[in-house]
Amino acid sequence: MNLSTHPAFSHVDPNFLQTLQKTIDHTSGKSELEMLGTMMAISNEAKKKNISFTPEMQTALLDYLKSHLPVAKRKQFDAFLSMFLSKMNTQ
């Protein structure tokens, strides 16, 4: 995925997009837990730069990350992500 051409990221600072692109490009071969760690790091970096992720941006990133998992691990990733998000929403 090229973030600089993705419509969901059209309004985002190009320097942040470049950093984000490098981060997600290095996710290939990582486990689902490592991918979630990557998402947390991305979220923290965005907060530092006062960038809010829209639902469209979140969906695009998660779909991209999930596409780099083996097919057998994708359902497990979805289940883990659902559990993680439900816990985040109850805090």
Side-chain angles (χ1 to χ4, degrees):
M1 167 179 11
N2 184 347
L3 296 177
S4 62
T5 61
H6 194 288
F9 297 90
S10 63
H11 66 283
V12 179
D13 172 44
N15 292 325
F16 177 73
L17 280 182
Q18 187 176 31
T19 301
L20 182 56
Q21 186 73 55
K22 286 179 186 178
T23 301
I24 65 170
D25 286 346
H26 289 99
T27 61
S28 188
K30 289 188 175 187
S31 72
E32 57 273 12
L33 289 176
E34 290 172 311
M35 293 243 193
L36 285 175
T38 299
M39 288 303 296
M40 294 299 291
I42 289 169
S43 176
N44 289 338
E45 186 65 25
K47 284 180 185 176
K48 287 180 189 175
K49 298 190 180 288
N50 202 27
I51 296 172
S52 297
F53 281 98
T54 65
E56 293 82 13
M57 292 166 70
Q58 292 172 10
T59 299
L61 283 172
L62 289 172
D63 286 346
Y64 178 79
L65 293 174
K66 187 167 65 170
S67 74
H68 281 73
L69 288 171
V71 174
K73 293 278 188 177
R74 292 178 187 176
K75 285 185 180 180
Q76 189 177 14
F77 179 76
D78 283 337
F80 185 79
L81 184 61
S82 293
M83 181 185 71
F84 179 77
L85 292 175
S86 75
K87 285 188 180 254
M88 290 287 291
N89 290 332
T90 59
Q91 292 181 352

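Each residue takes its place number in the sequence, starting with 1.
Minimum heavy-atom separation, A8 to M57: O-CG, 3.1 Å. When every heavy atom of I42 is checked against every heavy atom of F16, the shortest pair comes out as O-CZ, 4.4 Å. Taking both residues in full, the closest heavy atoms of F53 and S43 are given as CE1-CA, 4.4 Å, listed atom of the first, atom of the second, then distance.
At a threshold of 4.5 Å between non-hydrogen side-chain atoms, the residues L3 and I24 count as touching. Between L20 and E45, the closest side-chain pair of non-hydrogen atoms is not below 4.5 Å. Between F9 and L61 there is a side-chain heavy-atom pair separated by less than 4.5 Å.
Note that CG of L17 and OG1 of T5 are 10.0 Å apart. Values are rounded to the nearest 0.5 Å. Atom CD of Q58 and atom CG of D63 lie 11.5 Å apart (nearest 0.5 Å). To the nearest 0.5 Å, atom NE2 of residue H26 and atom OG1 of residue T38 are 11.0 Å apart.
V71 and F77 end up in different hydrophobic clusters when Ile, Leu, Val, Met, Phe, Trp and Tyr side chains are linked at under 4.5 Å.
Residues satisfying the salt bridge (Lys or Arg N to Asp or Glu O under 4.0 Å) criterion with K47, sequence neighbours excluded, are absent altogether. Contacts of N2 classified as side chain to side chain donor-acceptor pair (under 3.5 Å), with partners at least two apart in sequence or in another chain: S4.
When atom types are taken as modelled, the side chain of T59 and the backbone of E56 share no donor-acceptor pair closer than 3.5 angstrom. Counting only distance, with no hydrogens or angles, the side chain of T19 and the backbone of N15 share a donor-acceptor pair below 3.5 Å.
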Criterion salt bridge (charged side-chain N to carboxylate O under 4.0 Å, His left out) on D78 and K66, from CA distance to verdict: CA-CA 8 Å; D78 283 337; K66 187 167 65 170; 3.2 Å; yes
